[in-house]
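Reviewing the structure listed below.
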Amino acid sequence: MTGDGRGTGTLCLVTGATGYIGGRLVPELLAAGHRVRCVARSPDRLRDHPWAGDVETVRGDVTDAASVGAALRGVDVAYYLVHALGTGEDFEATDRRAARIFGEQARAAGVRRIVYLGGLTPAGVPERELSPHLRSRAEVGHILLESGVPTTVLRAAVVIGSGSASFEMLRYLTERLPVMVTPSWVHTRIQPVAVRDVLRALVGSAGMPDDVSRAFDVGGPDVLTYREMMIRYAAVAELPRRLILSVPMLTPGLSSHWVGLVTPVPASIARPLTESLRHEVVCRERDLGRYVPDPPGHPLGFDEAVRLALRRVRDARVATRWSSASVPGAPSDPLPTDPGWAGGSLYSDVRELPVDAPRASLWRVIEGIGGDNGWYSFPLAWAVRGRLDRMAGGVGLRRGRRDAARLRVGDSLDFWRVEAIEPGRLLRLRAEMRLPGLAWLELRAETDADGRTRFRQRALFHPHGLLGHAYWWSVSPFHALVFGGMARNIARAASAGAADRPRERASSS
């Protein structure tokens, strides 16, 4: 357990604090005067958030009753913001089990209220006919409402905010395709909602009366088809008008692959999003306003929500992204630190070079790697590897970065995840691509005994079975080209950057 959850207000537990909504909810709760405790399977992933020192963090897993019970001890309001989507075909059973555990442990701990963010369901459609994603979200809401703890279930459709999966899907489809052949779901009516209004509803739900236990629909003032959303996005972004043609034979499965091809959102995430658009999702009531009144100017309209999201993207002020949460099924084992590791083979490729630049210049290049800056070697090889990963159901190389210049533990970085960062010294990335084993990439800025800057790069691979060994030996002939070129080009970029900085200072003086 870390942090002190400082303050004297209501103690709120936030599950899913490493995710898109959870990571934004925490500072909102703190600003409202609440104390916050975060539960995460890997608490270290929260350490670099700006609010990390103001909250209590505990290790836990919602499928483990003992850890959930310990995390809920003394809690007034518990936010349930997790789901098992993408963990396998049995994700609905996992969601069901986790919700039951959470509800039972919340009741045993004397929690005053549970707050859950689910999905808006279509009117008149039996739940058995919903997409597995929406069906599971609805079932979790029912389980929590039946837990014996007063529960607020907020049901939202498409959330518009910088970094949300729904927004990224809309943004890339609209920006990259001036002419689109689209599935029939582009004509489905949707009631989008700004992420600011979702967060306001979540925070306000903490103060609901104890006798209120029910679901509430949450939406913005506009009801639009997806086609209209793309047209209005283009207008706000000052793009030429888009030509959109719908093709009825594009199934949700084909749609998800189409979305995965055009956008950074992988098919595994795009599929539940597109499946959820088969039915009309429009608010049937606005009762939440009785308990969480709308301030002037809220809820935000679609155009304003898009305008604010684009401003944050362009100003590089995206607090969390859809990829903030770990990719389901991706390796999470930490790097073995014992040189004589007994866990099996650990292959490595090590490169070390002197750098004609201060260590700070080298670190700027290291911390800026990936995303639009690329990987400093053989772009075609990286692009092909990313495309192969997406074909295998992985995340591919197009997740990019949350921030163009700064990284923090837990950030996604193309098909890597930041596992460790020591500013000015070390960046360690863990692979989230589909591999027959576990892989890491370490980049270090060091100073030798003579005070000279040195760059050290280390790629490591722990194979799983015979296929893992075969994989390493099949790609090792290309390491000199990929990893060797990467090390040389990073060193050159650091030297060039150091040479440019005096000129920049001279021209600005």
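Numbers here simply count residues along the sequence, with the first being 1. As a basis for the values below, the full set of heavy atoms in this structure was taken, side chains included, without hydrogen atoms, waters or symmetry mates.
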> Would Ser164 and Val195 satisfy side-chain contact (heavy atoms from CB on, under 4.5 Å), going step by step from the backbone distance to the final call?
Replying inline: CA-CA 9 Å; Ser164 78; Val195 68; over 6 Å; no
> What residues form a side chain to side chain contact (heavy atoms under 4.5 Å, CB included) with Pro27, not counting sequence neighbours?
Replying inline: Trp51
> How would you list, by chain and number, every residue that makes a side chain to side chain contact (heavy atoms under 4.5 Å, CB included) with Asp44, sequence neighbours excluded?
Replying inline: none
Taking only residues two or more places apart in sequence or in another chain, which ones pass side chain to side chain donor-acceptor pair (under 3.5 Å) with [X]?
{"X": "Arg100", "answer": "none"}
{"X": "Tyr116", "answer": "none"}
{"X": "Glu304", "answer": "Arg307"}
{"X": "Arg47", "answer": "none"}

> Of all residues at least two apart in sequence or in a different chain, which pass the ring pair (Phe, Tyr, Trp, His ring centres under 6.0 Å) check with Phe102?
Replying inline: Tyr80
> Does Phe302 have any ring pair (Phe, Tyr, Trp, His ring centres under 6.0 Å) partners at least two apart in sequence or in another chain, and if so, which?
Replying inline: none
> After noting the C-alpha distance and the side-chain angles of Phe216 and Thr152, does the key distance pass the side-chain contact (heavy atoms from CB on, under 4.5 Å) rule?
Replying inline: CA-CA 7 Å; Phe216 296 91; Thr152 301; 4.0 Å; yes
Pairwise salt bridge (charged side-chain N to carboxylate O under 4.0 Å, His left out) hits with a residue in [range], at least two apart:
{"range": "residues 11-22", "result": "none"}
{"range": "residues 142-158", "result": "Arg155-Asp217"}
{"range": "residues 187-201", "result": "Arg189-Glu280, Asp197-Arg200, Arg200-Asp294"}
{"range": "residues 105-116", "result": "Arg112-Asp210"}

